[in-house]
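Any value given below was found using the heavy atoms of this structure, including those in side chains, with hydrogens, waters and symmetry copies removed. Sequence lines set the chain letters: A, B, ... in the order given, protein chains first and strands last, and positions in each chain run from 1. Note that this is a predicted model, so its numbers are computed, not measured.
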There are 2 protein chains.
Amino acid sequence: MATLGNCIGMMDEGIRRLSDALPELPVDKAKLSRLMLMVGGRVQEELEHTLKPHRLNHSEFLTLMILYSSPDGSSTPGELCDYTSQGATNMTRIGNALVTRGLVVRSASEEDRRRVRIGITPNGRRFVQKMLPTLFPRLSAMFDGFGESDRRQFGRLLRKLADNLDRLDEGTGR
Amino acid sequence: MATLGNCIGMMDEGIRRLSDALPELPVDKAKLSRLMLMVGGRVQEELEHTLKPHRLNHSEFLTLMILYSSPDGSSTPGELCDYTSQGATNMTRIGNALVTRGLVVRSASEEDRRRVRIGITPNGRRFVQKMLPTLFPRLSAMFDGFGESDRRQFGRLLRKLADNLDRLDEGTGR
DNA sequence: GGCTCATATTTCACTGGTGAATTAAAAAGG
DNA sequence: CCTTTTTAATTCACCAGTGAAATATGAGCC
């Protein structure tokens, strides 16, 4: 038990039973949404598992990567919230965690004194350069057997789903 | 900002910049994994958003649905942990939450006195019957424009990714 | 210039989830 | 049998993330 395969089997069976009693249930779509939740969750577990030895969690890693790959190596909490889809509260915690480890520094912005600049340190850059390649093997294994065409299709479908979700949020104000 | 579309654009750009300096980065796969994380997360937010008025979170909803769709309407914490991929600790909390609302009841198992049976109540069934259909409209909208062939492809690719993840876990003991 | 409103960040209290230890009962092995 | 090991559920202490309020600065407007 506890493999994704088993969970997916249970899900298929459960939705089948549900749909017997509830014919208006959109079976395919329900299955796809469950698949997204289950597989997406497992991808995240996988990532956090390989991140753990480096004592980073997903959101800290993402924040650091954004700083690393940004042209001038710095940003502000507000921007980072947008890019990472994290709340401001959590970004304060992330900043604290990264500052404590010497991977980034905070400094007061001079144009706008409400703002704080967060910049990656030389130390932080070295850390990323060492840590990042350790993610590649498992990342590659995750998509073993995905040919050129599968990858293109998968990307297309995920982006299409993303568009729909954006349209859904528009309505609700979000 | 904060739309998935924008986040995805940033991601594409960031990975492009990364790959300039790091040619061994598996660009396609990195993008697909980021897409899974971003879109999967948003699907979950979407679900929890429509669940909120019913005062359920994702794991409580899933647990209740499993009980609802199980042949005899009951299970045990241990089984529910497997099916929902939740830890035992959290299943205790979920049980407490659902019991408090009168949607399920706990009872001692007679064959094995270590076990606890958790069963959905008539009240719980009525609750599901009322609540479940309110999820359909947004669920359908999520996959607007996904034709028969897109749905089949998407399902195939997600299941394939799930297989790979199971194989990855095997190695690590998980 | 001074008042009001908006924006950026942080603090605080809380929810949801996890790992380690605890309790209790079943199963296994002389 | 009786000891040891395994399994099931819970409790406890903690980590990650959120919403509401606090703080401080900038912007818009008579």
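Within residues 87-94 of chain B, the residues that place at least one heavy atom under 4.0 Å from DNA chain C are, in residue-number order, B:G87, B:T89, B:N90, B:R93.
Each of A:K52 and A:R115 lies near DNA chain C, and the nucleotide nearest A:R115 is the one positioned closer to the 5' end. Between A:E110 and A:E60, the residue anchored nearer the 5' end of DNA chain D, judged by the nucleotide with its closest heavy atom, is A:E60.
For the pair A:L62 CG and D:dG17 C1', the computed distance is 15 Å after rounding to whole Å. D:dT5 atom C1' lies 11 Å from atom CZ of B:R114, rounded to whole Å. Spacing between atom CD of B:E45 and atom C1' of D:dG17 amounts to 12 Å, rounded to whole angstrom units. Distance A:L98 CG to D:dA16 P: 12 Å, rounded to the nearest Å. Regarding B:E111, its CD atom lies at a distance of 18 Å from the P atom of D:dT7, rounded to whole Å.
For B:K29 and A:F146, the positive end is not near the middle of the six-membered ring at less than 6.0 Å and at most 45° from its axis.
Note on B:R117: nothing from the nucleic acid sits closer than 4.0 angstrom, heavy atoms only.
Taking 4.5 Å as the limit, every side-chain heavy atom of A:H54 sits out of range of all side-chain heavy atoms of A:L64. Between A:S33 and B:L47, every side-chain heavy-atom pair lies at or beyond the 4.5 Å cut-off.
Classification of A:E79 and A:R117 as a salt-bridged pair fails, no side-chain N sitting under 4.0 Å from a carboxylate O.
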- Task: For the pair B:N164 and B:R167, evaluate side chain to side chain donor-acceptor pair (under 3.5 Å) and give the outcome as yes or no after the intermediate values.
- Result: CA-CA 5 Å; B:N164 283 355; B:R167 215 161 309 123; 3.2 Å; yes
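Of the possible polar contacts, none joining the B:K160 side chain to the A:D150 backbone as a donor-acceptor pair under 3.5 Å is found.
Separating the CD1 atom in A:I120 from the CG atom in A:L98 is a distance of 9.0 Å, to the nearest 0.5 Å.
In the displayed structure, B:E24 atom CD is contacted under 6.0 Å by more than 12 heavy atoms of other residues, nucleotides or ligands.
Protein chain B contacts DNA chain C over a range whose 5' and 3' limits, counting nucleotides with an atom under 4.0 angstrom from a non-hydrogen atom, are C:dG16 to C:dA26.
The minimum heavy-atom distance linking B:M36 with B:L161 is given by the pair CG-CD2, 4.0 Å.
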